[in-house]
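Notes for the one structure printed next.
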Amino acid sequence: MIGSTIAKRYARAFFEIALEEKQLEQYYKELSGFAAIISDNKDLKEFLANPIFDQSEKKSVVESILQKTAVSGITANFLKLLTDKQRIVILSDIVECYRELMDEALKTVRASVKTAFPLTPELVRKLQNGLESQTSKKVEMTVIEEPSLLGGIVVRVGDTVYDNSIRTQLNNIRNLLGEEM
């Protein structure tokens, strides 16, 4: 909980700068790219999280990584600040909080769609248009093929789940029959 509160504070501060600079999406890409570098490298992640190593060593490593990546000066300074304040280990949480703030500002919502079979591009477009008209927001949709659904579709928009899968319907029938007996 404390980490989440701290992540929100840092995300909000960086978001305000990005908003002022009109670079919301660019700074998000830079932050999430750097977070991916850390999360993809187990040794680097453990090094940055380990209190045994000196802060100057950690800052040196972060700076050398920054030199090899194409991040803006503002993002680089923010990442150095996180390293100085020993908050670089919560970067993925900060990125997540920043993403929520950015989505809210850009009136965007994320949707994940699970289907048993691949959707045609036309169906994807129709589904996206339907979700956009329902939410009155731009929808960024991820389509995942999940054969265990047997058929139908499961759509998650934010905290709302629309489950019209055959698997769920069969489970509902099974529950109804179990109650009848």
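- Annotation: Arg167, atom CZ; neighbour count of heavy atoms from other residues, nucleotides and ligands within 6.0 Å is above 12.
- Of all the heavy atoms in Ala116 and Glu145, the pair that sits closest is O-CG, 3.9 Å.
- Hydrophobic cluster membership differs between Val109 and Phe15, with clusters built from Ile, Leu, Val, Met, Phe, Trp and Tyr side chains linked at under 4.5 angstrom.
- Remark: side-chain polar atoms of Gln128 are not paired, donor with acceptor, to backbone N or O of Glu140 under 3.5 angstrom.
- For the pair Leu31 and Val71, the minimum side-chain heavy-atom distance is 4.5 Å or more.
- Leu48 approaches Val62 most closely through the heavy-atom pair CD2-CG2, 4.0 Å.
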(Q) Gln169 vs Asn164, test: side chain to side chain donor-acceptor pair (under 3.5 Å). Steps then yes/no. (A) CA-CA 7 Å; Gln169 292 175 15; Asn164 195 20; 2.6 Å; yes
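- Shown here for Asp93 and Ala7, the closest heavy-atom pair between the two residues is CB-CB, 3.7 Å.
- Across every non-hydrogen atom of Gln86 and Val89, the tightest pair is O-CG2, 4.3 Å.
- Results of the side-chain hydrogen bond (donor to acceptor under 3.5 Å, both in side chains) test with Ser72 over Glu30, Gln26, Glu21 single out Glu30 as the only residue that passes.
- Within a 6.0 Å radius of CD in Glu20, no more than 12 heavy atoms belonging to other residues, nucleotides or ligands are found.
- A ring-ring contact (aromatic ring centres under 6.0 Å, His included) with Tyr98 is found for one member of Phe14, Tyr10, Phe78 and no other, namely Phe14.
- If you chain together hydrophobic residues whose side chains sit under 4.5 Å apart, Ile153 and Ile166 never meet in one group.
- Between the side chain of Lys58 and the backbone N or O of Asn50, at least one donor-acceptor pair lies under 3.5 Å.
- Electrostatic pairing of Arg12 and Glu16 counts as a salt bridge here, judged by a charged N lying under 4.0 Å from a carboxylate O.
- Met102 is not connected to Met141 by any chain of hydrophobic side-chain contacts under 4.5 Å among Ile, Leu, Val, Met, Phe, Trp and Tyr, and they are in different clusters.
- A donor-acceptor pair under 3.5 Å is absent between the side-chain atoms of Glu63 and the main chain of Lys80, judged by distance alone.
- Under the 4.5 Å side-chain heavy-atom criterion for ILVMFWY residues, no single connected hydrophobic cluster contains both Val154 and Phe117.
- Within a 6.0 Å radius of CD in Glu96, no more than 12 heavy atoms belonging to other residues, nucleotides or ligands are found.
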